[in-house]
Amino acid sequence: MISCDHCNKWFHGVCIGMSAKEGDFLDLYYCKECTVTTGKKSRQRLPCANTLTQCQNPARASTKGNSRSKYCSEECGMRVARMRLERAQQAYESDHSNTTTTSLEQTLKGMFQARHQDGKSQLNIDSNQWDMSRLAEMKQERTKARAIVKFVDIQAEFLKHVLESQEENDPKICGYDSRLSWQSNVWDAIKHISREGKDIKVELSKEAEMEDVDIHEFTLCNKMGKCQKHEHWRELRQSELEIERKKQIDILSSLDRKRKLIKSRISDRLKAPEGWSFLDNGTICHD
């Protein structure tokens with residue numbers, strides 16, 4: 001049975017004068033009525049491009065699906081690739097026995113360059129474009145991770161001064177400094193932190209505007225002994241900063257490794273094909 005691609009009515013192949021083999025090659029079918037009303041005509045698929053074994057099946061390329069392969073199946077396409085490689089091997093062995101300068105690598109290189117005048121397969125072009133896009137994304141990720149490391153380091157430096165100041169003044173009190181609860185916009189604006197005696201001085205960058213926050217106003221918790229409100233604040237704060245810093249450093253290390261790997265891949269593709277290396281982890285495109 002064959003369905004019209006416009007009215008969706010079904011027809012027997014015999015009734016419309018179409019054999020089973022012709023039906024296999026059918027890509028789009030319009031019945032007589034729809035051909036007249038739409039002006040569209042039925043369309044046939046091209047035969048499989050495997051001429052080495054004289055394949056008689058239709059290619060998978062179709063306007064109805066996503067496949068663009070000019071072969072009837074993956075097996076057929078791989079069969080062609082293997083036969084071409086075998087022929088290239090034979091050509092190499094024949095030329096090598098005559099002490100000619102043609103190598104198997106050069107033969108294969110010419111075979112893969114035939115489709116693209118610049119010597120790069122569409123697969124490599126697409127892969128390079130994807131890798132370049134990924135490098136741009138990774139650059140933004142590195143910038144973000146570095147900003148967070150800087151953010152954490154500023155807080156860690158401030159915490160260090162708070163702990164040192166408390167140890168010198170009165171280590172028995174809670175000593176929680178309300179400035180440790182500043183919002184991120186304040187920490188981002190801090191340019192420098194220093195100590196002058198008992199006081200901790202904070203210098204903001206010139207372009208920072210803290211209209212809603214007075215950095216000079218703060219409180220210290222003077223509760224003696226155990227403070228339920230700020231219990232274990234020193235250990236917790238130090239642990240939080242250490243964990244976050246390690247997390248971002250690990251992210252930067254991972255991004256650096258991936259960046260080197262991607263650049264190496266791009267470099268290999270730009271050099272390829274040179275020797276057998278251009279076939280490593282490669283894919284032969286049969287479209």
Side-chain angles (χ1 to χ4, degrees), residues 129-268:
Q129 290 176 345
W130 187 92
D131 279 343
M132 293 300 293
S133 175
R134 180 64 185 126
L135 284 175
E137 293 175 359
M138 290 169 63
K139 184 177 181 180
Q140 295 179 348
E141 293 173 17
R142 287 201 311 273
T143 300
K144 179 180 178 180
R146 287 169 180 165
I148 295 176
V149 170
K150 181 180 178 181
F151 177 83
V152 170
D153 287 344
I154 287 290
Q155 294 185 68
E157 184 180 359
F158 185 85
L159 178 62
K160 176 185 175 183
H161 288 309
V162 169
L163 296 177
E164 289 176 350
S165 178
Q166 181 190 358
E167 190 67 27
E168 294 174 3
N169 296 330
D170 190 349
K172 295 181 180 181
I173 66 172
C174 170
Y176 181 80
D177 192 316
S178 63
R179 290 174 291 185
L180 292 171
S181 299
W182 274 340
Q183 297 298 315
S184 59
N185 63 321
V186 181
W187 294 111
D188 288 336
I190 293 177
K191 180 180 180 181
H192 181 67
I193 300 174
S194 61
R195 277 189 63 196
E196 294 181 5
K198 298 180 180 181
D199 298 328
I200 302 176
K201 300 295 183 181
V202 176
E203 180 184 352
L204 301 180
S205 57
K206 293 182 179 180
E207 61 273 12
E209 296 182 1
M210 297 288 108
E211 297 179 356
D212 56 339
V213 178
D214 187 350
I215 63 172
H216 303 294
E217 290 186 3
F218 65 95
T219 59
L220 290 175
C221 181
N222 293 315
K223 183 175 179 60
M224 297 295 293
K226 187 176 181 180
C227 176
Q228 292 184 350
K229 185 178 180 180
H230 306 119
E231 188 175 6
H232 304 304
W233 68 268
R234 301 172 187 80
E235 296 83 359
L236 291 173
R237 193 63 173 170
Q238 285 179 317
S239 178
E240 289 174 358
L241 294 175
E242 288 172 0
I243 290 173
E244 184 61 33
R245 192 179 199 282
K246 184 179 184 304
K247 175 183 176 182
Q248 298 306 320
I249 293 299
D250 289 343
I251 289 175
L252 287 171
S253 299
S254 176
L255 289 172
D256 187 57
R257 290 193 300 270
K258 292 177 181 178
R259 180 176 60 86
K260 291 179 180 178
L261 180 61
I262 290 176
K263 286 189 174 182
S264 177
R265 285 205 305 259
I266 294 175
S267 177
D268 289 342

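By convention here, the first residue in the shown sequence is residue 1.
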All ring-ring contact (aromatic ring centres under 6.0 Å, His included) counterparts of His161, not counting sequence neighbours: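 In terms of ring-ring contact (aromatic ring centres under 6.0 Å, His included), with neighbours along the sequence ignored, His161 is linked to no residue.
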Side-chain ion pair, Lys144 and Glu141, N-O less than 4.0 Å: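 Salt bridge: no.
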Expected output: side-chain Trp182 to main-chain Gln155 donor-acceptor under 3.5 Å: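 Such a contact is absent between Trp182 side chain and Gln155 backbone.
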Donor-acceptor pair, side chain of Arg179 and main chain of Val162, under 3.5 angstrom: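 Checked: no pair found.
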For residues 242-251, which side-chain donor-acceptor pairs fall under 3.5 Å, sequence neighbours excluded?
{"residue": "Glu244", "atom": "OE2", "partner": "Gln248", "partner atom": "NE2", "Å": "2.8"}
{"residue": "Arg245", "atom": "NE", "partner": "Asp153", "partner atom": "OD1", "Å": "2.6"}
{"residue": "Arg245", "atom": "NH2", "partner": "Asp153", "partner atom": "OD2", "Å": "3.4"}
{"residue": "Lys246", "atom": "NZ", "partner": "Asp250", "partner atom": "OD2", "Å": "3.0"}

Exceeds 12 heavy-atom contacts within 6.0 angstrom, atom CD of Glu196: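 Incorrect, the count does not exceed 12.
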Those residues that, when tested against Asp131, pass side-chain contact (heavy atoms from CB on, under 4.5 Å) (two or more places apart):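 Ile262, Arg265, Ile266, Arg269.
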Nearest-0.5 Å distance, [atom1] of residue [X] to [atom2] of residue [Y]:
X      : Y      : atom1 : atom2 : value
Leu220 : Cys174 : CG    : SG    : 9.5 Å
His230 : Leu236 : NE2   : CG    : 12.0 Å
Glu164 : Ile200 : CD    : CD1   : 9.0 Å
Leu255 : Leu135 : CG    : CG    : 10.5 Å
Ile148 : Thr143 : CD1   : OG1   : 11.0 Å
Leu163 : Arg237 : CG    : CZ    : 11.0 Å

So do the side chains of [X] and [Y] get within less than 4.5 Å of each other, counting heavy atoms only?
X      : Y      : answer
Trp233 : Leu180 : yes
Met224 : Ile173 : yes
Lys229 : Cys221 : no
Lys260 : Arg257 : no
Gln166 : Arg234 : yes
Arg142 : Arg259 : yes

For [X] and [Y], work out which heavy atoms get closest and say how close.
X      : Y      : answer
Tyr176 : Ser181 : OH-OG, 2.5 Å
Ile193 : Ile154 : CD1-O, 3.5 Å
Ser178 : Thr219 : OG-N, 2.8 Å

